[in-house]
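First up is the structure itself, then whatever we jot down about it.
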Amino acid sequence: MEKRNNKFYLNGEEFRIKGGSFHYFRCLPEYWDEIMKKIRGAGLNTVETYTAWNMHEPKKGIFDFSGMLDLVRFIRLAEENSLKVILRTGPFICAEWENGGLPPWLLKKEYNIKFRCNSPEYMRHLKDWFGVLLPKIRPYLDTNGGNIIALALENEYGSFGDDFSYLAEIEKIYRENGIYCLLFAADGHSKYYLSTGKNSPEILSGTDFAGDGGIDKFRDVLLYDGDSPYFASEYWAGNFTDWGFPECTHIEDDTVRGAVRDFDRLGASYNIYMIYGGTNFGFTNGAQCNIGGYHPVTTSYDYDAAISEWGGYTQRYFDIKGGDKTPVPPSPLLQSPGEVKLTESASLWSNLSIGKHFKSVTVEPMEEFDQSYGYILYRKTVDYDADINCIKLKGIADRAHVFVNGVLSGIRMRDSDTSEIKLSECLKPGDTVDILVENLGRICYGEETYLGDRKGITESVIFTQVFPDGSVRFPGKIVFNWDITTLELHDLSGVAFKSGAPESFPAFFKGRFKAKGQASCFLHFDNFRKGVVWINGFNIGRYWEIGPVNALYVPGALLKDDNEIVIFETDSLRGEPSVTLTDVCGIPNHHEEIKV
């Protein structure tokens with residue numbers, strides 16, 4: 001595909017992109033073909049996806065393109081469904097995805113990396129990664145007879161920085177790996193963003209925005225690319241939701257319907273972000289950090305999209321489809337297995353053997369112990385008597401439980417509550433202080449992505465005193481010599497469950513349930529507060545009582561006749577250890593589903 005005279009041309013013929021975003025890494029591969037058919041059925045001709053470097057290279061030099069990460073299969077399925085592909089290879093992708101798609105191992109202190117700029121160490125690893133990725137996609141470029149019509153250059157770089165040499169270096173790496181196709185930059189629609197989003201006028205300028213699709217959203221593009229077609233690289237027909245929001249984000253159908261009409265009237269090309277949102281399975285959600293502080297994104301990435309998280313149809317879908325006559329697949333089947341009692345349990349304290357163990361003079365973030373996700377436990381055995389009755393944590397990332405001799409003394413949360421933990425009694429020799437820290441998702445947008453978002457305790461732990469008047473002694477003693485356990489929770493086979501309630505929290509719970517076929521359902525966790533759920537060994541994501549999402553999507557492809565559910569609960573229960581599996585989603589005020 002090429003651009004000239006403010007239009008796109010594909011194989012010599014004028015072409016208008018009518019696309020939708022669908023991220024392969026947010027959907028089980030069993031559903032890829034079905035979602036592709038629904039995208040085509042909406043009258044669209046293109047699917048857009050990012051590539052997630054952090055998933056494909058979980059450890060330096062170890063690559064994974066299997067199963068849910070089989071990018072080539074995804075591209076081929078698009079071709080089989082008569083869809084062109086726009087590929088956004090990053091390396092940084094934002095996408096409300098963990099660390100914006102950058103592998104956490106890059107955060108190790110030995111690398112001392114400054115991200116998203118032309119720093120030598122960062123570019124060294126980037127070249128290694130692209131040296132593996134780009135040859136895989138090269139045969140599928142339209143210039144080689146394939147269906148990939150464009151590749152992105154970084155991601156919304158105009159919102160972040162102005163290192164044109166960095167963007168030029170990415171373009172150079174593309175060319176060195178035989179990537180000769182249309183390149184584009186996706187940025188906000190004003191001069192502020194467009195001015196530093198790309199390194200050359202030869203690169204197409206796409207614009208990202210919500211609301212209407214009028215000419216004002218494209219006007220500034222021509223200042224930087226006078227030959228550019230009107231291209232909405234991300235039209236936000238919905239939005240993501242953060243934990244603790246008062247309600248799930250919702251955009252009116254009339255707004256989206258009007259924007260599509262605007263695009264048609266202008267002859268503009270567009271990509272609907274998202275046409276299908278999907279799910280942040282496991283520990284893959286990202287986080288925002290803005291004026292209001294740190295906000296992790298929910299497990300559900302439904303995004304208020306035209307195709308729901310579970311593959312259902314909405315009125316928005318048919319508004320986008322308009323008069324298109326392409327047939328669509330039937331609506332997905334749902335089921336309600338009912339209440340599931342979790343009759344077995346195991347205290348974390350009795351099962352620390354499932355983690356990896358280290359000794360460290362200082363507290364260090366989890367990345368220093370080759371840990372990317374999950375929880376990290378810092379343990380200090382007190383060996384002196386100094387009338388210590390207060391603990392301070394500096395650099396919490398992100399949520400910390402503090403225990404003294406196995407008893408919870410307090411919970412602290414990055415930004416929202418970092419106050420001292422005042423103890424009812426002074427610490428004495430032989431006492432054990434445990435600090436369990438959860439990585440709630442690395443920041444994926446903005447200035448903070450420059451230095452990276454390390455997890456665990458990033459600064460220090462301090463012992464000090466509370467005086468009778470309530471004031472706290474300053475300065476305190478920095479605490480050294482720690483036993484550290486990393487808990488990525490990839491493999492729970494070593495957890496020793498027993499019947500009945502656990503001795504203490506945090507704790508694992510296990511139960512079994514029957515399912516009818518592979519229809520999907522939703523797990524409601526009313527009696528639980530904060531934790532993670534596995535279905536038949538697959539981590540379906542986090543739950544949290546603060547909402548607004550109040551259930552987790554359980555893809556039917558995970559289910560069998562007889563199924564195992566395991567829950568890791570960090571806080572406590574609000575009732576009996578049971579959950580309910582129903583056909584009702586956990587997104588309040590979600591679009592009414594239209595059955596087909």
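The structure presented is a predicted model; accordingly, all values stated were derived computationally and were not measured.
A salt bridge does not link E154 to R88: none of the charged nitrogens lies less than 4.0 Å from a carboxylate oxygen. Under the 4.0 Å criterion applied to side-chain N and carboxylate O atoms, D163 and R116 are not assigned as salt-bridge partners. Between E438 and R542, at least one side-chain N (NZ, or NE/NH1/NH2) sits under 4.0 Å from a carboxylate O, which counts as a salt bridge. Of the charged side-chain nitrogens involved, none lies within less than 4.0 Å of a carboxylate oxygen, so that K198 and D187 do not count as a salt-bridged pair. Salt bridge absent: K191 and D220 never bring a charged side-chain N and a carboxylate O closer than 4.0 Å. Ion pairing between R574 and D526 fails under the 4.0 Å rule for side-chain N and carboxylate O. Under 4.0 Å is where a charged nitrogen must lie from a carboxylate oxygen, and between K108 and E110 at least one such pair does. A salt bridge links D128 to K60: at least one charged side-chain nitrogen sits closer than 4.0 Å to a carboxylate oxygen. Note on D398 versus R412: no salt bridge recorded, every NZ/NE/NH1/NH2 to OD/OE distance being 4.0 Å or above. Ionic pairing of E98 and R442 is present here: one or more N-O contacts between side-chain nitrogen and carboxylate oxygen are shorter than 4.0 angstrom. With respect to the salt-bridge test (charged N to carboxylate O, under 4.0 angstrom), the residues K428 and D387 do not qualify.
Test W53, W97, Y50 against F25 for ring pair (Phe, Tyr, Trp, His ring centres under 6.0 Å) and you get one pass: W97. When each of W129, F115, Y450 is paired with Y122, the ring pair (Phe, Tyr, Trp, His ring centres under 6.0 Å) condition holds for F115 and for no other.
The six-membered or imidazole ring of W482 lies away from that of F358, with a centre-to-centre distance of 6.0 Å or more. Between W310 and H590, the distance from one ring center to the other falls under 6.0 angstrom. Remark: aromatic rings of H125 and Y111 are close, center separation under 6.0 Å. In summary, the aromatic rings of Y543 and H524 are positioned with their centroids too far apart to meet the 6.0 Å limit.
With W544 as the aromatic partner, K530 meets the cation-pi criteria of under 6.0 angstrom to the ring centre and within 45 degrees of the ring axis.
For E576 against N527, the heavy-atom pair with the smallest separation is O-ND2, 2.8 Å.
Judged purely by atom type and a 3.5 angstrom limit, K392 has no side-chain atom pairing as donor or acceptor with the backbone of I421.
Side-chain contact annotation: Y301 with E96, donor-acceptor N/O pair under 3.5 Å present.
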